[in-house]
Amino acid sequence: MSAYRKYAKLPGFRDFPPEELAFRNHIFDAWRRVAGRYGYREYDGPPLEELELYTDKSGSEIVGQLYEFTDKGARRVALRPEMTPSLARILAGRSRALRKPIRWFSIPQLFRYERQQRGRLREHFQWNVDLVGEPGTGADAEVLAVAIDGLRELGLGAADIRARVSDRILLSGVFAALEVPPGLTPGVFAALDRIEREPVERIHERLAGPGGLGLGRERADAVLEFFSDPTIGRIERDFAGSPRVAERGAELRQYESVLGDLGFADFVEFDFSIVRGLAYYTGIVFEIFDRAGRFRAICGGGRYDRLMEHVGGDRLSAVGFGMGDVVLGEVVRGRGLLPEYRPGVDYYIISISVAEAPLARRIAGVQRRLGRSVVYTLGGKSVKKQFSSAAALGAGSVIVLGPDEVERGVAVVREMASGQEREIPIAELTDPARGKSPSETLRAS
RNA sequence: GUGGGCGUAGCUCAGUUGGUCAGAGCGCCAGGUUGUGGCCCUGGAGGUCGCCGGUUCGAUCCCGGUCGCUCACCCCA
């Protein structure tokens with residue numbers, strides 16, 4: 001041990017040694033494959049943005065947790081806590097030149113300054129998928145389909161996860177029918193966001209009480225009564241008299257059938273108690289949970305039709321979601337879907353004596369140029385150790401160079417899994433024109 | 001931000017009612033002679049028992065503080 005001090009990683013941040021990074025990439029790869037299947041293109045932006053980009057547009061919860069500081073140029077900056085404002089900023093400058101709808105996705109590393117706990121660190125990676133420039137609910141359905149497909153790609157099925165969908169437009173209609181003043185609608189959303197965490201009496205007080213919204217007892221009763229059974233069937237039955245509700249209800253049924261056509265009926269259900277904390281959502285919102293309810297939300301998203309103009313762009317409708325790697329990683333692990341980690345190399349070249357080392361390097365050079373992964377000992381270890389290293393590295397085959405064989409112009413190639421050995425002309429291994437690998441030769445012979 | 005639990009080798013942990021108590025397994029390194037792995041055997045490296053202070057003749061073990069981890073609350077990218 002050295003006399004110098006040790007450094008630990010900052011709280012809430014993670015290291016990714018190879019096995020961990022392999023798991024992370026397993027998730028990222030699934031995300032990229034699925035996004036690609038839906039025609040989405042990957043983009044990225046800077047991890048550091050002007051502070052105001054977030055203080056103006058994000059919900060106050062996010063603002064309170066900003067990882068912010070003043071840089072050496074006296075600029076107030078923040079590590080990005082979410083990707084959507086950056087996307088809006090990026091598109092504000094170029095959306096006019098882009099054919100609509102715009103299908104983009106990103107896997108940014110996001111930051112927040114908050115005490116860490118299970119499923120919630122100070123840093124995480126989030127799959128952000130956005131569809132910009134299409135106001136219809138067909139776009140909402142497509143985006144949710146991408147999210148579910150991303151999870152399905154990792155092995156999670158309808159028995160493991162479900163998407164709960166709500167709609168702020170429909171709910172606004174319901175509230176209007178319940179005679180809630182339009183100006184109080186956001187406050188009602190905020191109060192109802194707590195419906196699964198607080199007793200109804202408290203919610204009632206928030207809605208009706210003098211210190212609350214001042215809805216009045218009767219209207220608060222009506223709102224809570226509605227939320228005791230907030231299903232679409234209920235809405236269609238009880239609010240048929242409201243044209244606004246009826247029209248939007250039909251729209252949601254259409255949305256539902258689109259998801260059915262795409263094969264996701266088993267994953268999706270309407271649940272109008274879902275509100276979503278972010279302030280900028282304007283229409284359909286959704287969250288995806290594990291059915292067992294053991295974890296936090298895996299994914300959340302929805303429509304945000306005003307954000308683009310808020311950051312100086314054109315008014316463009318948009319819908320998107322964010323899916324974090326932390327909770328998802330826990331769900332995938334918990335479900336036993338963690339892939340086996342077995343790294344490997346194509347060849348390990350063993351030199352019996354130091355005399356063969358230059359030949360080993362020549363073979364390695366040629367084979368690497370042919371695209372194969374090759375390792376040989378750097379330290380002149382015993383043959384036994386070299387074999388041990390080969391096994392530990394997961395070598396598919398070992399090329400053994402011994403004085404006797406080299407004398408005869410051949411090398412011994414041992415296939416590690418079977419232990420089978422064959423002699424191969426060294427000329428074959430050092431000839432860049434020969435694309436065939438030793439193990440292929442082995443199988444062919 | 002609030003409260004509970006925890007903090008001994010790289011990892012998982014044992015241990016002393018304060019005095020050979022600094023340990024095990026795994027991992028790592030090296031050997032088990034002369035050209036062959038994954039098993040086995042032997043040996044070794046590695047810890048100021050999270051950090052600081054206090055009590056004591058003496059603390060890893062008691063007390064206080066602090067940092068970190070963790071769970072819950074708050075809140076939710």
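Chain letters run A, B, ... following the sequence lines, proteins first and then strands; every chain starts at 1. In this text, all values refer to a predicted model and were calculated from it rather than measured experimentally.
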If we take the [atom1] atom in both [N] and [M], what is their distance in whole Å?
{"N": "B/G46", "M": "B/G25", "atom1": "C1'", "result": "15 Å"}
{"N": "B/U66", "M": "B/A22", "atom1": "C1'", "result": "25 Å"}
{"N": "B/C51", "M": "B/G68", "atom1": "P", "result": "15 Å"}
{"N": "B/A30", "M": "B/C39", "atom1": "P", "result": "15 Å"}
{"N": "B/C63", "M": "B/U55", "atom1": "C1'", "result": "7 Å"}
{"N": "B/G54", "M": "B/U12", "atom1": "P", "result": "32 Å"}
{"N": "B/G15", "M": "B/C21", "atom1": "P", "result": "15 Å"}
{"N": "B/G23", "M": "B/A45", "atom1": "C1'", "result": "16 Å"}

Rounded to whole angstroms, how far apart are [atom1] on [X] and [atom2] on [N]?
{"X": "A/His124", "N": "B/A77", "atom1": "NE2", "atom2": "P", "result": "9 Å"}
{"X": "A/Glu114", "N": "B/C69", "atom1": "CD", "atom2": "P", "result": "13 Å"}
{"X": "A/Gln126", "N": "B/A77", "atom1": "CD", "atom2": "C1'", "result": "6 Å"}
{"X": "A/Tyr376", "N": "B/U36", "atom1": "OH", "atom2": "P", "result": "23 Å"}
{"X": "A/Arg122", "N": "B/G1", "atom1": "CZ", "atom2": "P", "result": "9 Å"}
{"X": "A/Arg14", "N": "B/G68", "atom1": "CZ", "atom2": "P", "result": "18 Å"}
{"X": "A/Tyr113", "N": "B/C75", "atom1": "OH", "atom2": "C1'", "result": "17 Å"}
{"X": "A/Phe13", "N": "B/G68", "atom1": "CZ", "atom2": "P", "result": "13 Å"}

Non-neighbouring partners of A/Phe267 that pass ring pair (Phe, Tyr, Trp, His ring centres under 6.0 Å), sequence neighbours left out: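 Here no residue qualifies.
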Any residue meeting ring pair (Phe, Tyr, Trp, His ring centres under 6.0 Å) with A/Tyr304, in chain and number order, not counting sequence neighbours: A/Tyr280
Suppose we screen for side chain to side chain contact (heavy atoms under 4.5 Å, CB included). Which residues come up paired with [X], at least two apart in sequence or across chains?
{"X": "A/Arg303", "value": "A/Ala139, A/Asp140, A/Thr282, A/Asp305, A/Ser317, A/Val319"}
{"X": "A/Pro339", "value": "A/Phe23, A/His26"}
{"X": "A/Glu20", "value": "A/Phe16, A/Pro17, A/Arg333"}
{"X": "A/Glu256", "value": "A/Arg253, A/Phe270"}

Donor-acceptor contact present, side-chain A/Asn25 to main-chain A/Phe28, <3.5 Å: no
Donor-acceptor under 3.5 Å (A/Arg112 side chain, A/Leu121 main chain):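 Here the side-chain-to-backbone pair exists.
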Sugar-phosphate, base or nothing in reach of A/Gly12, heavy atoms under 4.0 Å: sugar-phosphate
Sequence neighbours excluded, every pair satisfying salt bridge (charged side-chain N to carboxylate O under 4.0 Å, His left out) that has a member inside residues 374-392 of chain A: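 Non-adjacent pairs meeting salt bridge (charged side-chain N to carboxylate O under 4.0 Å, His left out): zero.
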Contact pattern, 5' to 3', of nucleotides 37-44 of chain B - B, S or - by protein heavy atom under 4.0 Å: BB------
Lys NZ or Arg CZ of A/Arg24 over A/Phe125 ring: under 6.0 Å, within 45°: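 Flagged: A/Arg24 positioned over aromatic ring of A/Phe125.
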Base-paired stems that RNA chain B participates in, counting runs of 3 or more Watson-Crick or G-U pairs under 3.5 Å: B:1-7 with B:67-73, B:10-13 with B:23-26, B:28-32 with B:40-44, B:50-54 with B:62-66
Interatomic spacing from CZ in A/Arg76 to CZ in A/Phe69 - rounded to 0.5 Å: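 Answer rounded to 0.5 Å: 10.0 Å.
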Quick one: which of [options] gets closest to the side chain of [X]?
{"X": "A/Arg296", "options": "B/C76, B/A30, B/A77", "result": "B/C76"}
{"X": "A/Val400", "options": "B/C75, B/A77, B/G35", "result": "B/G35"}
{"X": "A/Glu82", "options": "B/G35, B/A30, B/A77", "result": "B/A77"}

Any N/O donor-acceptor pair, A/Glu421 side-chain to B/U36 base, under 3.5 Å: yes
base_contact_polar (B/G35 base, A/Glu405 side chain, donor-acceptor, <3.5 Å): yes
